[in-house]
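First the structure, in the form of structure tokens, and then the observations on it.
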Amino acid sequence: HTPGPWSLTPAAGGDYDIGQAGDIEALACVYGDFDAIADDETLANAHLIAAAPDLLATLKELIDLEGPLPGNVAWFNKAVAAVARAEGRS
């Protein structure tokens, strides 16, 4: 994936472009649909997508630090599955 950090920029029509911080080229766009999705939800979706590289890196670091210790095996398995999904391996 494109390295982070990613940022969001308001675009026309209530849309948000998401891209590498300082880069004018968008990697993704969250489209606002004022009839179906509230403005706040569109913005929240854009913030979540823009945070994806940081979230993925943090989760991978936490997996490496913690490992599947007794009492956290279920959490560890969920985290490993989420990383695999984010990396297109599942």
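Just so you know, these numbers come straight off a predicted model, no measurement behind them.
Under the 3.5 Å distance criterion, the side-chain polar atoms of Q20 are matched with a main-chain donor or acceptor of P3.
The CD1 atom of I18 sits 13.5 Å away from the CG atom of D23 when rounded to the nearest 0.5 Å.
In terms of hydrophobic clustering, with Ile, Leu, Val, Met, Phe, Trp and Tyr side chains grouped at heavy-atom distances under 4.5 Å, L59 and I49 are assigned to different clusters. By the rule that hydrophobic residues join a cluster once side-chain heavy atoms approach within less than 4.5 Å of another member, L56 and F76 end up as members of one cluster.
Residues that satisfy the side chain to side chain donor-acceptor pair (under 3.5 Å) test with K60, not counting sequence neighbours, are E87. Partners of N77 according to the side chain to side chain contact (heavy atoms under 4.5 Å, CB included) rule, which considers only residues two or more places apart in sequence or in another chain, are V73. Shown here are the side chain to side chain contact (heavy atoms under 4.5 Å, CB included) partners of A21, two or more places apart in sequence or in another chain: P5, S7. Every residue two or more places apart in sequence or in another chain that forms a side chain to side chain contact (heavy atoms under 4.5 Å, CB included) with A84 is listed here: R89, S90. Among residues two or more places apart in sequence or in another chain, the side chain to side chain contact (heavy atoms under 4.5 Å, CB included) test is passed with A81 by none.
The minimum heavy-atom distance linking D17 with A26 is given by the pair CB-CB, 3.9 Å. Scanning all heavy atoms of the two residues, the minimum distance from A46 to Y16 falls at CB-CB, 3.7 Å. Scanning both residues, C29 and Y31, for their nearest heavy atoms gives SG-CE2, 3.6 Å.
For the pair T42 and D15, the minimum side-chain heavy-atom distance is 4.5 Å or more. The closest side-chain heavy-atom distance from W75 to L62 is below 4.5 Å. By the 4.5 Å heavy-atom criterion applied to side chains, V80 and I63 are counted as neighbours.
Within the structure, no pair that satisfies the side-chain hydrogen bond (donor to acceptor under 3.5 Å, both in side chains) test touches residues 61-74, not counting sequence neighbours.
As a member of the Ile/Leu/Val/Met/Phe/Trp/Tyr network built from side-chain separations under 4.5 Å, L55 groups with L48.
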